[in-house]
Student: 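Handing you a structure now.
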Amino acid sequence: QVQLVESGGGSVQAGDSLTLSCIAVLFPYSGRCMAWFRQAPGNDREGVAVIATSGDDSYYADSVKGRFTISQDNAKNTVYLQMTGLKPEDTGIYYCAATPRGVSFCGSVTESDYNSWGQGTQVTVSS
């Protein structure tokens with residue numbers, strides 16, 4: 001059973017930084033794509049960033065390029081999302097997601113590729 005547990009959300013002011021963590025209880029962790037999605041009230045869920053657990057693939061949505069960084073600690077099966085220069089439009093519930101093993105390309109955020117999801121963590125950015 002795959003389990004993803006997010007943490008690190010909170011309420012901040014515009015311009016602040018926040019780092020989200022996602023511990024993935026996966027065996028094995030390698031050979032997957034790990035992603036962060038977010039959903040604002042009234043909006044569809046959108047992919048924010050992706051990283052390959054094996055290899056160098058990564059992806060960022062245009063709206064967060066240059067402000068957000070996805071990284072991982074393979075020894076801890078943990079994925080991070082470092083968010084800087086936060087804007088009110090970054091407000092939403094942030095979800096960690098994982099693909100099954102064997103996905104060969106981690107350069108996109110097609111939601112249907114991800115079969116494991118965390119419960120989400122709220123990020124609220126005030127102006």
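Starting from 1, each residue takes its place in the sequence as its number. Because only heavy atoms are used, hydrogens play no part in the values below, and waters and symmetry mates are left out as well, while side chains stay in.
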Student: Under a 4.5 Å side-chain heavy-atom rule over Ile, Leu, Val, Met, Phe, Trp and Tyr, are Y59 and V79 clustered together?
Tutor: no
Student: Run the side chain to side chain contact (heavy atoms under 4.5 Å, CB included) test on T53 and Q72 for me, step by step, so that the C-alpha distance in whole Å, both residues' side-chain angles and the decisive distance to 0.1 Å come before the verdict.
Tutor: CA-CA 8 Å; T53 59; Q72 63 187 336; 3.8 Å; yes
Student: For residues V125 and Y94: do they belong to one hydrophobic cluster (side chain heavy atoms under 4.5 Å, members Ile, Leu, Val, Met, Phe, Trp, Tyr)?
Tutor: yes
Student: Show the nearest heavy-atom pair for residues S127 and P88, with the distance to one decimal.
Tutor: CB-CG, 3.8 Å
Student: Tell me, do I51 and Y60 make a side-chain contact under 4.5 Å, heavy atoms counted?
Tutor: no
Student: In sequence, state the C-alpha distance, the side-chain angles, and the governing distance for T91 and Q122, and then conclude on side chain to side chain contact (heavy atoms under 4.5 Å, CB included).
Tutor: CA-CA 8 Å; T91 294; Q122 176 71 45; 4.1 Å; yes
Student: Can you tell me if CG on N115 sees more than 12 non-hydrogen neighbours from other groups inside 6.0 Å?
Tutor: yes
Student: Do R38 and V123 have side-chain heavy atoms sitting under 4.5 Å apart?
Tutor: no
Student: Cut-off 3.5 Å, side chains only: do T84 and Q82 have a donor facing an acceptor?
Tutor: no
Student: Closest heavy-atom contact between C22 and W36?
Tutor: CB-CZ2, 3.6 Å
Student: Testing the basics here: between R32 and C106, what is the closest heavy-atom pair and its distance to 0.1 Å?
Tutor: O-SG, 3.9 Å
Student: Should D62 and K65 count as an ion pair when the cut-off is N to O under 4.0 Å?
Tutor: yes
Student: Is it possible for you to say whether W117 and V50 belong to one hydrophobic cluster, with membership spreading through side-chain heavy-atom contacts below 4.5 Å?
Tutor: yes
Student: Side chains of R101 and S30: donor-acceptor distance under 3.5 Å anywhere?
Tutor: yes
Student: Spell out, yes or no, whether V103 and L4 are grouped together once hydrophobic residues are joined by side-chain heavy atoms under 4.5 Å, including indirect joins.
Tutor: no
Student: Indicate, with yes or no, if I70 and M83 share a hydrophobic cluster defined by side-chain heavy-atom contacts under 4.5 Å among Ile, Leu, Val, Met, Phe, Trp and Tyr.
Tutor: yes
Student: Can any side-chain N or O of E6 pair as donor or acceptor with the backbone N or O of C96 at less than 3.5 Å?
Tutor: yes
Student: Given 3.5 Å as the limit, does a donor-acceptor pair link the side chain of E111 with the main chain of E46, or not?
Tutor: no
Student: Just do the side chain to side chain contact (heavy atoms under 4.5 Å, CB included) check on Y80 and T78 with the steps written out, would you?
Tutor: CA-CA 7 Å; Y80 304 97; T78 300; 3.4 Å; yes
Student: Using the ring of each side chain (for Trp, its six-membered ring), is F37 parallel, tilted or perpendicular to Y114, with breaks at 30° and 60°?
Tutor: perpendicular
Student: Which atom names give the shortest non-hydrogen contact between G85 and R67, and what distance separates them?
Tutor: O-NH1, 3.0 Å
Student: Backbone N or O of S11 within a donor-acceptor pair of the T124 side chain at under 3.5 Å?
Tutor: no
Student: Report the C-alpha separation of Q39 and Y95 in whole Å, then their side-chain angles, then the decisive distance to 0.1 Å, and conclude whether the side chain to side chain contact (heavy atoms under 4.5 Å, CB included) test is met.
Tutor: CA-CA 8 Å; Q39 187 168 24; Y95 298 91; 4.2 Å; yes
Student: Closest approach of L81 and A49, non-hydrogen atoms and distance?
Tutor: CD1-CB, 4.1 Å
Student: How many angstroms lie between atom CG of D73 and atom OH of Y29, to the nearest 0.5 angstrom?
Tutor: 8.5 Å
Student: Please indicate whether D44 has more than 12 foreign heavy atoms, meaning atoms of other residues, nucleotides or ligands, lying under 6.0 Å from its CG.
Tutor: no
